[in-house]
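What follows is a set of notes on a single structure, which appears directly below.
Within every chain, numbering begins at 1; the chains are lettered A, B, ... in the order of the sequence lines, protein sequences first and strands thereafter. These numbers come from a predicted model, not from an experiment.
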Amino acid sequence: MSTALEIDRLRSELLPAVSGALAVPKRIVVGYGFWIFLLSDIVMFAALFAAYAVLVGATAGGASGAELFSQRNVAIETACLLASSYTCGLMSLAVGSRRRAGIYFGAAVTFVLGAAFLGLELREFADMIARGATPQSSAFLSAFFTLVGCHGLHVTVGLVWLVVMMAQVAVMGLRPAVERRLLCFSLFWHALDIIWVSLFTVVYLMGVRP
Amino acid sequence: MIETQPPFLSEQQLGRAPGDRPTVAEEEKSSGVLVYTVGLLLAVILTATSFWVANTSLLWGPGVHLGLVVLAIAQMGVHLVFFLHIGTGPDSTNNGRSEQQHDAASRADGHAHAALSDPIPDDRRPMTPQDTQMLQDFLNQLTRAQIATKDPEAEILIARAFAQQPDAAYLVVQRALLLEQALKRAEAQIAQFQQKSSSFVGTRAWNVEPRPAPGAAPASAEPLPPRAVPHSPEAGGPWSSFLGNAAATAAGVAGGAFLFHGLENLFGHGDGLSGANAPAEMVENVTVNYYGGDDDSTDLAASDSADDALDPGAGDSGDDASWT
(Lines give C-alpha, C1' and ligand atoms only; values in the text may rest on other atoms or scores of the structure.)
Protein backbone atom coordinates (compact mmCIF):
# COMPACT_ATOMS: atom_id res chain seq x y z
CA MET A 1 0.00 0.00 0.00
CA SER A 2 2.74 2.40 0.96
CA THR A 3 4.52 1.47 -2.24
CA ALA A 4 1.50 2.41 -4.30
CA LEU A 5 1.15 5.66 -2.41
CA GLU A 6 4.74 6.57 -2.96
CA ILE A 7 4.48 5.80 -6.63
CA ASP A 8 1.46 8.04 -6.90
CA ARG A 9 3.20 10.82 -5.07
CA LEU A 10 6.31 10.55 -7.18
CA ARG A 11 4.31 10.32 -10.34
CA SER A 12 2.50 13.53 -9.58
CA GLU A 13 5.80 15.27 -8.93
CA LEU A 14 7.33 13.71 -11.95
CA LEU A 15 4.83 14.21 -14.69
CA PRO A 16 5.26 17.92 -15.30
CA ALA A 17 9.02 17.66 -15.18
CA VAL A 18 9.15 14.76 -17.59
CA SER A 19 6.67 16.16 -20.04
CA GLY A 20 8.43 19.51 -19.93
CA ALA A 21 11.82 17.99 -20.55
CA LEU A 22 10.56 15.90 -23.40
CA ALA A 23 8.84 18.74 -25.16
CA VAL A 24 10.53 22.09 -24.63
CA PRO A 25 12.32 23.70 -21.71
CA LYS A 26 9.94 25.06 -19.14
CA ARG A 27 11.33 28.56 -19.54
CA ILE A 28 10.11 28.62 -23.13
CA VAL A 29 6.68 27.38 -22.18
CA VAL A 30 6.38 29.91 -19.38
CA GLY A 31 7.51 32.76 -21.60
CA TYR A 32 5.10 31.73 -24.30
CA GLY A 33 2.22 31.48 -21.89
CA PHE A 34 3.01 34.87 -20.43
CA TRP A 35 3.05 36.38 -23.89
CA ILE A 36 -0.45 35.05 -24.39
CA PHE A 37 -1.49 36.67 -21.13
CA LEU A 38 0.06 39.96 -22.22
CA LEU A 39 -1.75 39.83 -25.52
CA SER A 40 -5.04 39.19 -23.74
CA ASP A 41 -4.26 42.16 -21.51
CA ILE A 42 -3.63 44.28 -24.58
CA VAL A 43 -6.96 43.14 -26.01
CA MET A 44 -8.63 44.37 -22.84
CA PHE A 45 -6.86 47.71 -23.14
CA ALA A 46 -7.92 47.89 -26.76
CA ALA A 47 -11.52 47.67 -25.61
CA LEU A 48 -10.93 50.43 -23.09
CA PHE A 49 -9.26 52.56 -25.74
CA ALA A 50 -12.21 52.03 -28.04
CA ALA A 51 -14.61 53.05 -25.30
CA TYR A 52 -12.54 56.14 -24.58
CA ALA A 53 -12.36 57.11 -28.26
CA VAL A 54 -16.11 56.86 -28.54
CA LEU A 55 -16.82 58.77 -25.35
CA VAL A 56 -14.11 61.43 -25.56
CA GLY A 57 -16.58 64.06 -26.72
CA ALA A 58 -19.27 63.16 -24.21
CA THR A 59 -18.25 65.68 -21.58
CA ALA A 60 -21.82 66.42 -20.47
CA GLY A 61 -21.04 70.12 -20.43
CA GLY A 62 -18.13 69.60 -18.05
CA ALA A 63 -14.42 70.05 -18.53
CA SER A 64 -12.77 68.51 -21.58
CA GLY A 65 -9.35 66.98 -21.78
CA ALA A 66 -7.76 70.13 -23.09
CA GLU A 67 -8.72 71.97 -19.90
CA LEU A 68 -7.80 69.19 -17.51
CA PHE A 69 -4.56 67.68 -18.75
CA SER A 70 -1.15 69.03 -17.87
CA GLN A 71 1.34 68.19 -20.58
CA ARG A 72 4.27 68.83 -18.30
CA ASN A 73 2.99 66.25 -15.86
CA VAL A 74 2.47 63.74 -18.64
CA ALA A 75 5.96 64.33 -20.00
CA ILE A 76 7.50 63.63 -16.59
CA GLU A 77 5.37 60.51 -16.20
CA THR A 78 6.43 59.29 -19.62
CA ALA A 79 10.08 59.91 -18.83
CA CYS A 80 9.75 58.00 -15.55
CA LEU A 81 8.13 55.00 -17.17
CA LEU A 82 10.54 54.94 -20.10
CA ALA A 83 13.55 55.15 -17.80
CA SER A 84 12.11 52.41 -15.59
CA SER A 85 11.68 50.22 -18.65
CA TYR A 86 15.35 50.78 -19.41
CA THR A 87 16.49 49.92 -15.90
CA CYS A 88 14.21 46.87 -15.96
CA GLY A 89 16.07 45.77 -19.08
CA LEU A 90 19.38 46.26 -17.30
CA MET A 91 18.03 44.19 -14.44
CA SER A 92 17.18 41.30 -16.74
CA LEU A 93 20.66 41.53 -18.23
CA ALA A 94 22.03 41.25 -14.69
CA VAL A 95 19.81 38.21 -14.16
CA GLY A 96 21.26 36.66 -17.31
CA SER A 97 24.81 37.13 -16.08
CA ARG A 98 23.82 36.36 -12.48
CA ARG A 99 25.09 39.57 -10.94
CA ARG A 100 23.18 39.96 -7.69
CA ALA A 101 24.21 43.56 -7.10
CA GLY A 102 23.11 44.50 -10.60
CA ILE A 103 19.75 42.84 -10.07
CA TYR A 104 19.08 44.67 -6.82
CA PHE A 105 20.25 47.98 -8.22
CA GLY A 106 18.19 47.65 -11.38
CA ALA A 107 15.14 46.60 -9.40
CA ALA A 108 15.53 49.47 -6.93
CA VAL A 109 15.78 52.09 -9.66
CA THR A 110 12.90 50.51 -11.54
CA PHE A 111 10.80 50.54 -8.39
CA VAL A 112 11.60 54.18 -7.58
CA LEU A 113 10.79 55.33 -11.12
CA GLY A 114 7.61 53.28 -11.23
CA ALA A 115 6.55 54.64 -7.85
CA ALA A 116 7.28 58.17 -9.05
CA PHE A 117 5.08 57.55 -12.09
CA LEU A 118 2.32 56.23 -9.87
CA GLY A 119 2.65 59.15 -7.48
CA LEU A 120 2.37 61.67 -10.32
CA GLU A 121 -0.64 59.89 -11.72
CA LEU A 122 -2.39 59.75 -8.36
CA ARG A 123 -1.65 63.43 -7.80
CA GLU A 124 -3.13 64.19 -11.20
CA PHE A 125 -6.24 62.19 -10.35
CA ALA A 126 -6.58 63.89 -6.98
CA ASP A 127 -6.13 67.26 -8.63
CA MET A 128 -8.82 66.54 -11.20
CA ILE A 129 -11.25 65.27 -8.58
CA ALA A 130 -10.59 68.33 -6.47
CA ARG A 131 -11.60 70.44 -9.48
CA GLY A 132 -14.87 68.56 -9.73
CA ALA A 133 -13.86 66.30 -12.61
CA THR A 134 -14.85 63.04 -10.96
CA PRO A 135 -15.50 59.77 -12.79
CA GLN A 136 -19.22 60.27 -12.17
CA SER A 137 -19.43 63.69 -13.81
CA SER A 138 -19.30 62.64 -17.47
CA ALA A 139 -18.94 59.63 -19.77
CA PHE A 140 -15.66 61.09 -20.99
CA LEU A 141 -14.28 61.17 -17.45
CA SER A 142 -15.62 57.69 -16.72
CA ALA A 143 -13.77 56.35 -19.74
CA PHE A 144 -10.68 58.36 -18.87
CA PHE A 145 -10.47 57.15 -15.29
CA THR A 146 -11.16 53.57 -16.35
CA LEU A 147 -8.47 53.56 -19.02
CA VAL A 148 -5.75 55.46 -17.20
CA GLY A 149 -6.69 53.96 -13.86
CA CYS A 150 -6.48 50.45 -15.29
CA HIS A 151 -2.96 51.18 -16.50
CA GLY A 152 -2.11 52.65 -13.11
CA LEU A 153 -3.48 49.52 -11.47
CA HIS A 154 -1.21 47.43 -13.66
CA VAL A 155 1.75 49.55 -12.62
CA THR A 156 0.79 49.07 -8.97
CA VAL A 157 0.60 45.32 -9.43
CA GLY A 158 3.94 45.45 -11.19
CA LEU A 159 5.54 47.28 -8.27
CA VAL A 160 4.21 44.74 -5.78
CA TRP A 161 5.41 41.97 -8.05
CA LEU A 162 8.86 43.54 -8.21
CA VAL A 163 9.10 43.68 -4.42
CA VAL A 164 8.01 40.06 -4.18
CA MET A 165 10.58 39.07 -6.80
CA MET A 166 13.38 40.81 -4.93
CA ALA A 167 12.35 38.98 -1.77
CA GLN A 168 12.43 35.74 -3.73
CA VAL A 169 15.86 36.47 -5.13
CA ALA A 170 17.09 37.22 -1.63
CA VAL A 171 15.51 34.19 0.02
CA MET A 172 15.36 31.55 -2.69
CA GLY A 173 18.32 32.64 -4.76
CA LEU A 174 18.48 32.63 -8.54
CA ARG A 175 16.94 29.23 -9.01
CA PRO A 176 15.33 28.51 -12.39
CA ALA A 177 11.79 29.20 -11.16
CA VAL A 178 12.81 32.63 -9.87
CA GLU A 179 14.58 33.38 -13.14
CA ARG A 180 11.44 32.50 -15.07
CA ARG A 181 9.38 34.82 -12.89
CA LEU A 182 11.86 37.61 -13.40
CA LEU A 183 11.63 37.03 -17.13
CA CYS A 184 7.84 37.31 -16.93
CA PHE A 185 8.12 40.45 -14.84
CA SER A 186 10.33 42.18 -17.37
CA LEU A 187 7.94 41.21 -20.17
CA PHE A 188 5.07 42.63 -18.11
CA TRP A 189 6.88 45.86 -17.35
CA HIS A 190 7.90 46.48 -20.97
CA ALA A 191 4.34 45.72 -22.12
CA LEU A 192 3.04 48.33 -19.65
CA ASP A 193 5.36 50.85 -21.22
CA ILE A 194 4.02 50.01 -24.66
CA ILE A 195 0.48 50.56 -23.44
CA TRP A 196 1.55 53.85 -21.94
CA VAL A 197 2.92 54.97 -25.32
CA SER A 198 -0.47 54.59 -26.93
CA LEU A 199 -2.10 56.01 -23.82
CA PHE A 200 -0.19 59.28 -23.73
CA THR A 201 -0.60 59.62 -27.46
CA VAL A 202 -4.33 58.95 -27.65
CA VAL A 203 -5.46 60.42 -24.35
CA TYR A 204 -3.11 63.25 -23.57
CA LEU A 205 -1.50 64.48 -26.79
CA MET A 206 -4.58 64.10 -28.97
CA GLY A 207 -6.74 65.25 -26.07
CA VAL A 208 -5.08 68.62 -25.75
CA ARG A 209 -5.60 69.40 -29.42
CA PRO A 210 -8.72 71.42 -30.04
CA MET B 1 27.81 12.51 -16.88
CA ILE B 2 28.01 13.20 -20.54
CA GLU B 3 30.69 15.75 -20.86
CA THR B 4 30.69 16.53 -24.52
CA GLN B 5 27.09 17.14 -25.26
CA PRO B 6 26.15 15.91 -28.68
CA PRO B 7 24.85 18.54 -31.00
CA PHE B 8 21.31 17.35 -31.25
CA LEU B 9 18.72 18.35 -28.75
CA SER B 10 20.53 21.37 -27.53
CA GLU B 11 18.10 23.75 -25.94
CA GLN B 12 18.46 26.26 -28.71
CA GLN B 13 17.07 23.82 -31.19
CA LEU B 14 13.88 23.39 -29.30
CA GLY B 15 12.98 27.00 -29.74
CA ARG B 16 13.11 30.15 -27.76
CA ALA B 17 10.46 32.54 -26.68
CA PRO B 18 10.68 36.13 -27.85
CA GLY B 19 12.21 38.27 -25.13
CA ASP B 20 13.95 35.25 -23.73
CA ARG B 21 17.24 35.73 -21.99
CA PRO B 22 20.08 35.92 -24.47
CA THR B 23 22.37 33.00 -24.94
CA VAL B 24 26.01 33.43 -24.10
CA ALA B 25 26.88 33.62 -27.76
CA GLU B 26 24.36 36.35 -28.35
CA GLU B 27 25.60 38.33 -25.40
CA GLU B 28 29.07 38.26 -26.81
CA LYS B 29 27.82 39.17 -30.23
CA SER B 30 25.96 42.29 -29.23
CA SER B 31 26.15 43.81 -25.83
CA GLY B 32 22.75 43.79 -24.20
CA VAL B 33 23.33 47.17 -22.55
CA LEU B 34 23.96 48.69 -25.93
CA VAL B 35 20.69 47.32 -27.30
CA TYR B 36 18.71 48.75 -24.39
CA THR B 37 20.52 52.08 -24.61
CA VAL B 38 19.85 52.42 -28.31
CA GLY B 39 16.22 51.55 -27.66
CA LEU B 40 16.01 54.15 -24.89
CA LEU B 41 17.52 56.84 -27.10
CA LEU B 42 15.15 56.09 -29.97
CA ALA B 43 12.18 56.04 -27.61
CA VAL B 44 13.21 59.37 -26.09
CA ILE B 45 13.58 60.92 -29.54
CA LEU B 46 10.20 59.62 -30.65
CA THR B 47 8.52 60.73 -27.45
CA ALA B 48 10.00 64.19 -27.70
CA THR B 49 8.90 64.38 -31.31
CA SER B 50 5.39 63.35 -30.30
CA PHE B 51 5.18 66.12 -27.73
CA TRP B 52 6.57 68.64 -30.18
CA VAL B 53 4.12 67.58 -32.90
CA ALA B 54 1.20 67.90 -30.51
CA ASN B 55 2.13 71.44 -29.53
CA THR B 56 3.61 72.99 -32.60
CA SER B 57 1.68 75.24 -34.89
CA LEU B 58 4.09 74.64 -37.74
CA LEU B 59 2.29 71.55 -38.94
CA TRP B 60 -0.92 71.30 -40.85
CA GLY B 61 -3.61 70.77 -38.21
CA PRO B 62 -5.51 67.77 -39.58
CA GLY B 63 -2.22 65.92 -40.18
CA VAL B 64 -1.17 66.12 -36.56
CA HIS B 65 -3.29 63.21 -35.37
CA LEU B 66 -1.98 61.02 -38.12
CA GLY B 67 1.56 62.04 -37.28
CA LEU B 68 1.00 61.22 -33.62
CA VAL B 69 -0.34 57.79 -34.51
CA VAL B 70 2.64 57.10 -36.74
CA LEU B 71 5.05 58.21 -34.03
CA ALA B 72 3.28 56.06 -31.44
CA ILE B 73 3.40 53.00 -33.65
CA ALA B 74 7.06 53.64 -34.36
CA GLN B 75 7.77 53.87 -30.67
CA MET B 76 5.89 50.66 -29.98
CA GLY B 77 8.06 49.06 -32.62
CA VAL B 78 11.15 50.37 -30.87
CA HIS B 79 9.91 48.91 -27.59
CA LEU B 80 9.16 45.57 -29.16
CA VAL B 81 12.49 45.28 -30.91
CA PHE B 82 14.89 46.78 -28.38
CA PHE B 83 13.18 46.00 -25.07
CA LEU B 84 11.15 42.90 -25.81
CA HIS B 85 13.66 41.60 -28.38
CA ILE B 86 11.12 40.69 -30.99
CA GLY B 87 13.13 40.79 -34.14
CA THR B 88 13.67 38.78 -37.24
CA GLY B 89 16.05 36.44 -35.46
CA PRO B 90 15.52 32.70 -35.29
CA ASP B 91 14.03 33.00 -31.82
CA SER B 92 11.15 35.10 -33.06
CA THR B 93 10.48 33.86 -36.54
CA ASN B 94 10.65 30.24 -35.55
CA ASN B 95 11.92 29.16 -38.93
CA GLY B 96 15.58 29.70 -38.34
CA ARG B 97 16.06 25.99 -38.45
CA SER B 98 15.87 25.88 -42.20
CA GLU B 99 18.94 28.07 -42.42
CA GLN B 100 20.73 25.96 -39.89
CA GLN B 101 19.76 22.87 -41.73
CA HIS B 102 21.09 24.37 -44.87
CA ASP B 103 24.52 24.94 -43.46
CA ALA B 104 24.42 21.65 -41.66
CA ALA B 105 23.58 19.79 -44.82
CA SER B 106 27.08 20.26 -46.14
CA ARG B 107 28.57 18.37 -43.26
CA ALA B 108 25.68 16.04 -42.72
CA ASP B 109 27.51 13.22 -44.40
CA GLY B 110 28.40 10.64 -41.83
CA HIS B 111 27.53 13.11 -39.18
CA ALA B 112 25.63 10.66 -37.08
CA HIS B 113 28.75 8.65 -36.61
CA ALA B 114 30.96 11.61 -36.10
CA ALA B 115 28.80 12.74 -33.23
CA LEU B 116 29.88 9.70 -31.34
CA SER B 117 33.51 9.39 -32.18
CA ASP B 118 34.95 12.86 -32.18
CA PRO B 119 34.31 15.09 -29.20
CA ILE B 120 33.40 18.32 -30.91
CA PRO B 121 33.57 21.22 -28.50
CA ASP B 122 30.86 23.18 -30.24
CA ASP B 123 27.86 21.83 -28.42
CA ARG B 124 25.62 24.41 -30.02
CA ARG B 125 25.96 22.72 -33.35
CA PRO B 126 22.50 22.32 -34.79
CA MET B 127 20.79 19.03 -35.29
CA THR B 128 21.15 17.55 -38.70
CA PRO B 129 18.02 16.42 -40.48
CA GLN B 130 19.09 12.84 -39.77
CA ASP B 131 19.39 13.60 -36.08
CA THR B 132 15.99 15.20 -36.08
CA GLN B 133 14.49 12.25 -37.86
CA MET B 134 16.13 9.77 -35.54
CA LEU B 135 14.98 11.67 -32.49
CA GLN B 136 11.49 11.99 -33.86
CA ASP B 137 11.28 8.30 -34.63
CA PHE B 138 12.49 7.46 -31.18
CA LEU B 139 10.04 9.81 -29.51
CA ASN B 140 7.20 8.45 -31.59
CA GLN B 141 8.03 4.96 -30.45
CA LEU B 142 8.35 6.19 -26.91
CA THR B 143 4.97 7.85 -26.85
CA ARG B 144 3.30 4.82 -28.35
CA ALA B 145 4.98 2.39 -25.99
CA GLN B 146 2.87 0.46 -23.52
CA ILE B 147 4.07 -1.49 -20.58
CA ALA B 148 2.09 -4.47 -19.42
CA THR B 149 3.65 -5.00 -16.03
CA LYS B 150 6.06 -2.92 -14.06
CA ASP B 151 8.26 -3.85 -11.20
CA PRO B 152 7.13 -1.54 -8.38
CA GLU B 153 10.54 -1.34 -6.77
CA ALA B 154 12.21 -0.46 -10.03
CA GLU B 155 9.54 2.10 -10.69
CA ILE B 156 10.18 3.81 -7.37
CA LEU B 157 13.90 3.86 -7.94
CA ILE B 158 13.49 5.27 -11.41
CA ALA B 159 10.97 7.83 -10.27
CA ARG B 160 13.27 8.95 -7.49
CA ALA B 161 16.16 9.42 -9.85
CA PHE B 162 13.97 11.34 -12.25
CA ALA B 163 12.72 13.53 -9.45
CA GLN B 164 16.26 14.36 -8.41
CA GLN B 165 17.50 15.05 -11.91
CA PRO B 166 15.29 17.55 -13.71
CA ASP B 167 16.97 16.78 -17.02
CA ALA B 168 16.55 13.06 -16.61
CA ALA B 169 14.26 12.53 -19.56
CA TYR B 170 16.55 14.52 -21.82
CA LEU B 171 19.58 12.61 -20.66
CA VAL B 172 17.90 9.24 -21.00
CA VAL B 173 16.73 9.97 -24.52
CA GLN B 174 20.14 11.31 -25.44
CA ARG B 175 21.75 8.25 -23.98
CA ALA B 176 19.43 5.91 -25.78
CA LEU B 177 20.14 7.60 -29.08
CA LEU B 178 23.87 7.48 -28.46
CA LEU B 179 23.64 3.80 -27.73
CA GLU B 180 21.61 3.27 -30.84
CA GLN B 181 24.26 5.00 -32.89
CA ALA B 182 26.98 2.98 -31.24
CA LEU B 183 25.03 -0.13 -32.05
CA LYS B 184 24.74 0.84 -35.68
CA ARG B 185 28.42 1.50 -35.85
CA ALA B 186 29.28 -1.76 -34.21
CA GLU B 187 26.95 -3.55 -36.51
CA ALA B 188 28.51 -1.97 -39.55
CA GLN B 189 31.97 -2.92 -38.32
CA ILE B 190 30.90 -6.44 -37.64
CA ALA B 191 29.32 -6.65 -41.05
CA GLN B 192 32.69 -5.69 -42.45
CA PHE B 193 34.29 -8.38 -40.39
CA GLN B 194 31.78 -10.81 -41.76
CA GLN B 195 32.65 -9.82 -45.24
CA LYS B 196 36.37 -10.08 -44.68
CA SER B 197 36.26 -13.36 -42.92
CA SER B 198 33.90 -14.89 -45.38
CA SER B 199 35.93 -13.83 -48.36
CA PHE B 200 38.96 -15.09 -46.53
CA VAL B 201 37.43 -18.42 -45.79
CA GLY B 202 35.39 -18.43 -48.92
CA THR B 203 32.89 -20.93 -47.72
CA ARG B 204 29.46 -19.58 -48.29
CA ALA B 205 27.66 -16.99 -50.31
CA TRP B 206 26.09 -15.36 -47.29
CA ASN B 207 28.49 -12.48 -47.01
CA VAL B 208 26.20 -9.54 -46.79
CA GLU B 209 27.10 -6.00 -47.64
CA PRO B 210 27.76 -3.71 -44.71
CA ARG B 211 24.30 -2.43 -44.25
CA PRO B 212 23.97 1.35 -44.42
CA ALA B 213 20.74 1.40 -42.54
CA PRO B 214 19.99 -1.36 -40.12
CA GLY B 215 16.32 -1.00 -40.73
CA ALA B 216 16.91 -2.34 -44.22
CA ALA B 217 17.91 -5.71 -43.00
CA PRO B 218 18.09 -8.18 -45.83
CA ALA B 219 15.71 -11.02 -45.62
CA SER B 220 18.15 -13.66 -46.73
CA ALA B 221 16.94 -16.64 -44.84
CA GLU B 222 20.30 -18.38 -44.59
CA PRO B 223 20.23 -19.75 -41.09
CA LEU B 224 23.32 -18.98 -39.06
CA PRO B 225 24.58 -21.65 -36.76
CA PRO B 226 23.10 -21.77 -33.33
CA ARG B 227 25.46 -20.53 -30.68
CA ALA B 228 25.82 -23.93 -29.12
CA VAL B 229 28.02 -24.97 -32.01
CA PRO B 230 30.22 -21.98 -32.69
CA HIS B 231 32.97 -24.10 -34.21
CA SER B 232 30.78 -25.70 -36.78
CA PRO B 233 32.98 -25.66 -39.85
CA GLU B 234 30.30 -24.83 -42.30
CA ALA B 235 27.74 -22.08 -42.20
CA GLY B 236 30.00 -19.25 -41.14
CA GLY B 237 31.48 -20.91 -38.15
CA PRO B 238 34.80 -19.08 -38.21
CA TRP B 239 33.48 -15.61 -37.79
CA SER B 240 31.10 -16.44 -35.05
CA SER B 241 33.69 -18.25 -33.02
CA PHE B 242 36.15 -15.47 -33.63
CA LEU B 243 33.74 -12.88 -32.44
CA GLY B 244 32.57 -14.95 -29.56
CA ASN B 245 36.13 -15.54 -28.39
CA ALA B 246 37.07 -11.91 -28.78
CA ALA B 247 34.09 -10.79 -26.85
CA ALA B 248 34.71 -13.32 -24.16
CA THR B 249 38.31 -12.26 -23.82
CA ALA B 250 37.36 -8.65 -23.65
CA ALA B 251 34.54 -8.81 -21.22
CA GLY B 252 35.39 -11.80 -19.08
CA VAL B 253 33.83 -15.16 -19.11
CA ALA B 254 30.39 -14.39 -17.77
CA GLY B 255 30.07 -11.01 -19.37
CA GLY B 256 31.43 -12.35 -22.61
CA ALA B 257 28.86 -15.08 -22.75
CA PHE B 258 26.20 -12.52 -22.13
CA LEU B 259 27.53 -10.21 -24.80
CA PHE B 260 27.89 -13.00 -27.26
CA HIS B 261 24.36 -14.07 -26.65
CA GLY B 262 23.20 -10.55 -27.30
CA LEU B 263 25.26 -10.14 -30.41
CA GLU B 264 24.00 -13.35 -31.76
CA ASN B 265 20.46 -12.27 -31.17
CA LEU B 266 21.31 -9.12 -32.96
CA PHE B 267 22.71 -10.81 -36.01
CA GLY B 268 20.12 -13.46 -35.92
CA HIS B 269 17.41 -10.89 -36.33
CA GLY B 270 19.35 -8.72 -38.69
CA ASP B 271 20.12 -11.57 -41.02
CA GLY B 272 16.80 -13.19 -40.85
CA LEU B 273 17.48 -15.86 -38.29
CA SER B 274 14.45 -15.72 -36.16
CA GLY B 275 13.76 -18.90 -34.34
CA ALA B 276 16.79 -20.27 -32.61
CA ASN B 277 17.67 -17.90 -29.80
CA ALA B 278 15.11 -15.17 -29.87
CA PRO B 279 12.94 -14.95 -26.80
CA ALA B 280 9.55 -16.27 -27.57
CA GLU B 281 7.68 -13.11 -26.69
CA MET B 282 9.81 -10.85 -28.84
CA VAL B 283 7.90 -9.28 -31.64
CA GLU B 284 9.50 -9.80 -35.00
CA ASN B 285 10.13 -6.25 -35.97
CA VAL B 286 13.19 -4.38 -37.09
CA THR B 287 13.03 -1.96 -34.23
CA VAL B 288 13.08 -4.78 -31.78
CA ASN B 289 16.55 -5.59 -32.97
CA TYR B 290 17.84 -2.57 -31.23
CA TYR B 291 15.94 -2.58 -28.08
CA GLY B 292 16.10 -6.31 -27.85
CA GLY B 293 19.84 -6.38 -28.15
CA ASP B 294 20.23 -3.20 -26.22
CA ASP B 295 21.08 -4.64 -22.87
CA ASP B 296 23.97 -6.60 -24.10
CA SER B 297 25.36 -4.25 -26.65
CA THR B 298 25.77 -1.65 -23.96
CA ASP B 299 29.31 -2.83 -23.49
CA LEU B 300 30.11 -2.03 -27.04
CA ALA B 301 28.70 1.42 -26.71
CA ALA B 302 30.47 2.06 -23.47
CA SER B 303 33.81 1.51 -25.05
CA ASP B 304 32.94 4.26 -27.50
CA SER B 305 31.28 6.83 -25.38
CA ALA B 306 33.87 6.18 -22.68
CA ASP B 307 31.80 7.15 -19.73
CA ASP B 308 29.83 5.37 -17.14
CA ALA B 309 28.41 2.24 -18.61
CA LEU B 310 24.83 1.49 -17.92
CA ASP B 311 24.25 -1.72 -16.13
CA PRO B 312 23.99 -4.24 -18.89
CA GLY B 313 22.13 -6.72 -16.76
CA ALA B 314 18.46 -7.55 -16.58
CA GLY B 315 17.73 -9.15 -19.89
CA ASP B 316 14.24 -7.72 -19.96
CA SER B 317 13.44 -8.46 -23.52
CA GLY B 318 9.83 -8.78 -22.48
CA ASP B 319 9.67 -5.09 -21.70
CA ASP B 320 11.62 -4.17 -24.77
CA ALA B 321 9.21 -5.95 -26.98
CA SER B 322 6.54 -3.61 -25.84
CA TRP B 323 8.45 -0.69 -27.32
CA THR B 324 7.24 -1.43 -30.76
For a quick test of reading the model, state the closest non-hydrogen atom pair linking A:V197 to B:A72 and the distance between them.
CG1-O, 3.7 Å
B:F51-A:F200 aromatic ring centre distance below 6.0 Å
yes
Spacing of B:Q75 atom CD and A:D193 atom CG [to the nearest 0.5 Å]
7.5 Å
Check against side-chain contact (heavy atoms from CB on, under 4.5 Å), B:L80 and A:H190
CA-CA 8 Å; B:L80 286 175; A:H190 292 313; over 6 Å; no
Atom CZ of A:F105 with >12 non-hydrogen neighbours under 6.0 angstrom:
no
Just checking, is any N or O donor in the side chain of B:Y36 or A:S85 under 3.5 Å from an acceptor N or O on the other one?
no
Interchain contact, A:V30 with chain B, by part (heavy-atom threshold 4.5 Å):
neither
Indicate yes or no: at least one non-hydrogen side-chain atom of B:H79 is less than 4.5 angstrom from one of A:L82.
yes
Minimum heavy-atom distance between B:H65 and A:M206, given as atom pair plus value
O-CE, 3.5 Å
Tell me, side chain or backbone of B:V78 under 4.5 Å from chain A's heavy atoms, or both, or neither?
neither
Among B:V53, B:L71, B:I73, B:T37, which residue forms the greatest number of heavy-atom pairs with chain A at distances under 4.5 Å?
B:T37
Gap between atom CZ of B:F83 and atom OG of A:S186 - 0.5 Å precision:
11.5 Å
In terms of heavy-atom contacts, does CZ of A:R131 have more than 12 from other residues, nucleotides or ligands at under 6.0 Å?
yes
Show your working on side-chain contact (heavy atoms from CB on, under 4.5 Å) between B:L84 and A:I194 and close with a plain yes or no.
CA-CA 10 Å; B:L84 287 167; A:I194 290 182; 3.7 Å; yes
Output all residues satisfying side-chain hydrogen bond (donor to acceptor under 3.5 Å, both in side chains) with A:R181, sequence neighbours left out; order by chain, then residue number.
A:Q168
Under 4.5 Å from any heavy atom of chain B, what part of A:S198 do you find: side chain, backbone, both or neither?
both
Heavy-atom pairs under 4.5 Å with chain A: which of B:N55, B:L46, B:V69 has the most?
B:N55
After noting the C-alpha distance and the side-chain angles of A:Y86 and B:V33, does the key distance pass the side-chain contact (heavy atoms from CB on, under 4.5 Å) rule?
CA-CA 9 Å; A:Y86 178 69; B:V33 180; 4.3 Å; yes
Can you tell which part of B:V172 gets under 4.5 Å to a heavy atom of chain A, answering side chain, backbone, both or neither?
neither
